[in-house]
Amino acid sequence: MRVATWNVNSVKQRMPRLLPWLDQRAPDVVCLQETKLADDAFDALLRDALAERGYQAAAHGEGRWNGVAILSKVGLADVVTGVAGAPGFPHPEARAVAATCGGVRVYSVYVPNGRVPDSDHYAYKLAWLAALRDVLAGEREDLLVCGDVNIAPTDADVFDPAAYVGHTHVTEPERRALTALQDLGLRDVVRDRWPDERVFTYWDYRAGRFHQDLGMRIDLVLASGAVAGRVRAAWVDRHARKGAGPSDHAPVIVDLDTAPDGDIGPVVPPPSARKLPRG
DNA sequence: ATGACTCCAACGTGGAGA
């Protein structure tokens, strides 16, 4: 089963990239963020295109900002929108949707940005993450939490740690909140697969940041142990960030072995993929 | 360089993103 997560920065604007990408990569499950569409508009825009491709969809959006969705070819059961107990800003925002797809509980999340450390929005971000942790703690064993977490897990996940001092995405409280999710037993499967590599998922549109590979890794796939043990590939689809009209985020793609227990030991990367120099 | 780009609602321009 192929699972992907992609902050598309507007489904409407990304249609010329999203549909060819679905055909090219053929993911079974797609978690989308920043759809920026109300649910009726999402349905009107995508219903036919998704049906042609065999996808069901669970969208949770609003008119202007935010918005998440899950597309699935392998079932879409027990859809839940939002995070129980999470604060709003001040009203609840469309930042999470969950569904069971192919036997795995899948979350598509768009964590609040935080804007400026110690701001109200920053406090909102931390409180939202704490509520997410509490909900995930009650989830089933086979779990995937996918999305834009708006936190770089470590300094290796930003192109220049010094440039981010005093900014959100790298502060200790944010990283502790992310660690609290991982302490539930969730693995960061891309970093597990590429432990020493320069891997980013977001590059600012400005100043040729993508061309220079000056980015951040803030889009994650977190997997519970049983699912992490089934990972056979985990990578960032940089091709989708190239060319005309891209999102500022690239998709993350993860392939899972079909074995239900998946316990065939750790995955060892090929020699060519190890210890490459950074930069 | 307090920049650089893109998106949304709305039709001019400010907020948000990260």
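Quick note: numbers below take in every heavy atom, side chains included, and nothing from hydrogens, waters or symmetry partners.
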Whole-Å distance separating the CG atom of D204(A) from the P atom of dA16(B): 17 Å

P gap between dT13(B) and dT2(B), integer Å: 25 Å

Please work out if F89(A) contacts a base, only the sugar-phosphate, or nothing of the nucleic acid, heavy-atom cut-off 4.0 Å. nothing

Measure from CG on D248(A) to P on dA18(B) and round the result to the nearest Å. 7 Å

Can you tell me if R206(A) touches the phosphate of dG3(B), counting only side-chain N or O atoms and a distance under 4.0 Å to OP1 or OP2? no

Is W128(A) isolated, or which residues cluster with it under the ILVMFWY side-chain rule of less than 4.5 Å, directly or via members? V83(A), F89(A), Y107(A), V109(A), V111(A), Y124(A), L129(A), L132(A), V135(A), L136(A), L143(A), V145(A), V149(A), I151(A), L178(A), L181(A), L184(A), L186(A), L220(A), L222(A)

Just how far, in rounded Å, is P of dT6(B) from OH of Y202(A)? 12 Å

Just wondering, are more than 12 heavy atoms of other shown residues or ligands nearer than 6.0 Å to CZ in R14(A)? yes

Positions of residues 7-19 of chain A (non-hydrogen atom under 4.0 Å from DNA chain B), listed by number: N7(A), N9(A), S10(A), Q13(A), R14(A)

With a 4.0 Å cut-off on N to O distance, would you call D157(A) and R175(A) a salt bridge? no

Quick one: F159(A) CZ to dA18(B) P, roughly how many Å, whole number? 15 Å

Out of dA4(B), dT6(B), dA18(B), which has the shortest distance to the side chain of H249(A)? dA18(B)

Expressed as a whole number of angstroms, how long is the span from L32(A):CG to dC7(B):C1'? 17 Å

Measure the distance from CD on Q212(A) to C1' on dA4(B) and round it to the nearest whole Å. 11 Å

Base, sugar-phosphate, or nothing: which does G208(A) touch, judged by heavy atoms less than 4.0 Å apart? nothing

Which is more 5' along DNA chain B, the nucleotide nearest I218(A) or the one nearest K36(A)? Just name the residue. K36(A)

Hey, does the side chain of Y110(A) come within less than 4.0 Å of dA18(B)'s phosphate (OP1/OP2), counting only N and O? yes

In whole angstrom, give me the gap between the P atoms of dT6(B) and dA18(B). 16 Å

Indicate yes or no: does D255(A) engage R232(A) in a salt bridge with an N to O separation below 4.0 Å. no

Would you mind telling me which residue lines up with the more 5' stretch of DNA chain B, T35(A) or M216(A), judged by nearest nucleotide? T35(A)

How long is the line joining CZ of R95(A) and C1' of dG17(B), in whole Å? 10 Å

Using whole Å, what does the distance between atom C1' of nucleotide dA18(B) and atom CZ of F200(A) come to? 14 Å

Nearest-nucleotide pick for R64(A), side chain only, options being dG17(B), dA18(B), dA9(B): dA9(B)

May I ask you to decide if R25(A)'s main-chain N or O and R2(A)'s side chain share a donor-acceptor pair within less than 3.5 Å? yes

So what does D148(A) touch, heavy atoms closer than 4.0 Å: a base, only the sugar-phosphate, or nothing? sugar-phosphate

Is it true that a side-chain atom of S10(A) and a backbone atom of K36(A) form a donor plus acceptor pair closer than 3.5 Å? no

Contacts of L214(A) meeting side chain to side chain contact (heavy atoms under 4.5 Å, CB included) (sequence neighbours excluded), chain-then-number -> F159(A), R198(A), R209(A), Q212(A)

So what does R209(A) touch, heavy atoms closer than 4.0 Å: a base, only the sugar-phosphate, or nothing? nothing

Could you check whether any side-chain N or O of R140(A) sits under 3.5 Å from a backbone N or O of V104(A), counting only pairs where one atom can act as donor and the other as acceptor? no

Look at all strands and tell whether N150(A) reaches a base, only sugar-phosphate, or nothing, counting heavy atoms closer than 4.0 Å. sugar-phosphate

Write down the distance separating the P atoms in dC11(B) and dA1(B), rounded off to the nearest Å. 38 Å

